[in-house]
Protein chains: 2
Amino acid sequence: MLKTKHNIKDIAVGLFYKKGYFATSINEIANGCGIRKASIYYHYPSKEDLLFCILSETMKDLMAHLHNSLAEIEDTEDRIRAAVRGHVQFHLNRQKENFIANSELRGLTREHYRIIVKKRDAYEKIFQDLIQQGIQQGVFSDCDVKILSYAILTLCTSGASWFNPDGRLAVGEIAGIYEKFILNGLK
Amino acid sequence: MLKTKHNIKDIAVGLFYKKGYFATSINEIANGCGIRKASIYYHYPSKEDLLFCILSETMKDLMAHLHNSLAEIEDTEDRIRAAVRGHVQFHLNRQKENFIANSELRGLTREHYRIIVKKRDAYEKIFQDLIQQGIQQGVFSDCDVKILSYAILTLCTSGASWFNPDGRLAVGEIAGIYEKFILNGLK
DNA sequence: GTCTATAATAAGATAGAC
DNA sequence: GTCTATCTTATTATAGAC
């Protein structure tokens with residue numbers, strides 16, 4: 001069944017988020033799924049491959065989400081606003097996967113690591129180009145694009161480490177706070 | 001000798017930074033020190049205690065560094081600038097320890113975890129009070145203090161994850177970039 | 001597709017000699 | 001203070017029955 005495969009991934013995401021990749025055993029994942037650990041290997045060839053699948057899918061969806069957020073928006077400042085909001089929203093809505101994608105890269109093999117970092121770099125490049133355009137058009141003050149792009153992305157990503165879906169603020173409100181802070185900071 | 005104890009800690013910091021706490025074995029630390037793994041236990045009762053010592057000392061020094069940065073500065077905006085600069089400087093100068101302090105808390109026992117989080121909260125409180133004062137004095141625009149304090153600290157802390165001591169920018173320059181961005185963002 | 005059983009290895013930690 | 005030797009336990013992963 002494909003259902004079990006999905007279930008394994010869901011349980012793994014929860015455990016990797018809570019305990020970390022290395023501190024989580026295949027046995028714990030199996031217990032969470034109500035199966036024996038040997039059965040995991042019917043669906044995934046290794047623990048590392050399970051991690052890679054999680055990260056790979058998350059990065060794919062993250063990129064798709066950004067393209068969606070930017071679709072049909074033309075003004076540069078509007079595009080940055082949309083990119084920032086989209087980034088925050090995706091990270092808060094898929095908190096656990098994104099936390100893992102930002103903290104468990106060291107668990108990957110060298111080849112898998114390269115693939116994920118390549119995707120991450122392509123994603124960051126879009127933000128860097130947007131900031132660069134903003135500076136050229138005089139919307140933003142001159143600044144170090146690389147450092148500020150890292151700063152902005154880390155900032156928004158960090159929401160995923162403390163965000164509580166049942167907490168005081170909704171995703172949209174938090175996105176608004178970050179958007180205001182960042183756009184002020186860039187001017 | 002006290003020298004060996006320090007050496008163990010230094011090697012452990014390097015390995016925990018590079019590979020992560022759970023992915024690093026006592027044996028690797030011992031090899032790095034040129035001793036056998038059993039000898040580690042003469043200096044530290046357990047691997048977890050070694051992690052706790054690293055985090056504990058880092059937090060102590062971080063707090064002392066902040067108090068130093070703020071000493072004899074009275075104007076609120078100047079105090080925030082000094083706090084931000086001090087935070088960035090400490091995190092870039094002691095990159096590895098700070099990275100560990102922000103990523104390996106899950107390796108601690110519950111009691112040790114509580115002690116470290118208590119220190120971290122006290123540190124954050126100082127920033128929150130400063131931002132609050134800035135708002136009351138009309139230096140900053142009204143905002144969500146908790147969220148922005150997390151944002152500011154994460155932002156500056158994040159430098160520790162990509163900073164290269166031999167790279168293009170010096171610590172002071174990076175601190176300046178963050179200071180400008182954050183102060184703009186708060187206004 | 002899931003199970004039991006087990007292989008192969010490595011981990012954290014301790015005992016006791018020197 | 002450091003060593004060798006060892007205990008105990010947990011881990012990833014595989015083999016083969018059902």
Side-chain angles (χ1 to χ4, degrees), chain A residues 1-56 100 103-113 115-116, chain B residues 1-56 100 103-113 115-116:
Chain A
M1 277 200 238
L2 227 84
K3 227 179 137 186
T4 306
K5 193 171 181 178
H6 277 122
N7 195 221
I8 291 170
K9 207 171 63 181
D10 281 353
I11 298 293
V13 165
L15 287 168
F16 292 169
Y17 174 72
K18 193 179 159 197
K19 310 185 56 180
Y21 171 72
F22 286 104
T24 300
S25 71
I26 291 284
N27 203 21
E28 286 174 291
I29 298 169
N31 284 343
C33 298
I35 57 175
R36 301 292 171 180
K37 62 179 174 176
S39 307
I40 300 276
Y41 292 92
Y42 175 80
H43 301 280
Y44 294 94
S46 69
K47 187 184 169 188
E48 189 273 341
D49 197 79
L50 173 54
L51 176 64
F52 176 66
C53 286
I54 291 168
L55 299 191
S56 194
I100 297 165
S103 57
E104 300 293 3
L105 292 181
R106 286 179 300 194
L108 296 172
T109 62
R110 210 182 291 169
E111 305 90 85
H112 283 166
Y113 179 83
I115 294 171
I116 299 296
Chain B
M1 279 199 236
L2 227 85
K3 226 178 137 187
T4 307
K5 192 170 182 180
H6 277 122
N7 195 222
I8 292 170
K9 207 170 65 181
D10 281 352
I11 297 292
V13 165
L15 287 167
F16 292 169
Y17 174 72
K18 192 178 158 197
K19 310 185 58 179
Y21 170 73
F22 285 105
T24 301
S25 71
I26 291 284
N27 204 20
E28 287 174 291
I29 297 169
N31 285 343
C33 298
I35 55 176
R36 301 291 172 181
K37 63 177 175 177
S39 308
I40 301 275
Y41 292 93
Y42 175 79
H43 301 280
Y44 293 94
S46 70
K47 186 185 172 190
E48 190 273 340
D49 196 79
L50 173 54
L51 176 65
F52 176 66
C53 287
I54 291 168
L55 300 191
S56 195
I100 297 166
S103 57
E104 300 294 4
L105 292 181
R106 286 180 301 195
L108 297 171
T109 62
R110 210 182 289 167
E111 305 91 84
H112 283 165
Y113 179 83
I115 293 170
I116 299 295

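In what follows, chains carry the letters A, B, and so on, assigned in the order in which the sequence lines appear, proteins first and then strands, with residues in each chain numbered from 1.
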Nucleotide C/dG12, atom P - distance to CZ of B/Arg36 in whole Å: 16 Å
Residues B/Ile100 and B/Phe16: closest non-hydrogen pair is CD1-CB, 3.6 Å
Quick note, A/Ala38 side chain, CB onward, closest among C/dT2, C/dC3, C/dA13 is C/dC3
One should read off an interatomic distance between A/Tyr113 OH and A/Arg106 CZ, to the nearest 0.5 angstrom, of 9.5 Å
Side chain of A/Lys37 only, please: which of C/dT14, D/dA13, D/dC3 is the nearest? D/dA13
Does A/Tyr42 put a side-chain nitrogen or oxygen below 4.0 Å from OP1 or OP2 of C/dG1? yes
d(CD1, A/Ile40; P, D/dA15) in whole Å: 18 Å
Specify the separation, in whole Å, of atom CD1 of A/Ile26 and atom C1' of C/dT9. 16 Å
Rounded at 0.5 Å granularity, tell me how far CG in B/Leu50 sits from NZ in B/Lys9. 9.0 Å
Please check: side-chain N/O of B/Lys37 versus main-chain N/O of B/Ser25, any donor-acceptor pairing under 3.5 Å? no
Measure the distance from OH on B/Tyr44 to P on D/dG1 and round it to the nearest whole Å. 13 Å
Nearest to the side chain of A/Ile35, which nucleotide is it out of C/dT2, D/dT12, C/dG12? C/dT2
Please report the distance, rounded to the nearest Å, between NZ in B/Lys5 and P in D/dT2. 12 Å
Is it true that a side-chain atom of B/Tyr21 and a backbone atom of B/Leu105 form a donor plus acceptor pair closer than 3.5 Å? no
At under 4.0 Å, does any side-chain N or O of B/Ser46 touch on OP1 or OP2 of C/dG12? no
Given atom CG of B/Asn31 and atom C1' of D/dC3, what is their separation to the nearest angstrom? 14 Å
From the set C/dG1, C/dA13, C/dA11, return the single nucleotide nearest to any side-chain atom of A/His43. C/dG1
What is the separation between atom CZ on A/Phe22 and atom C1' on C/dG12, rounded to the nearest whole Å? 17 Å
B/Asn27 CG to D/dC3 C1', in whole Å, measures 14 Å
Quick one: which of C/dC3, D/dA13, C/dT14 gets closest to the side chain of B/Tyr41? C/dT14
Are OP1 or OP2 of D/dT11 and a side-chain N or O of A/Ser25 less than 4.0 angstrom apart? yes
OP1 or OP2 of D/dT2 under 4.0 Å from side-chain N/O of B/Thr4: yes
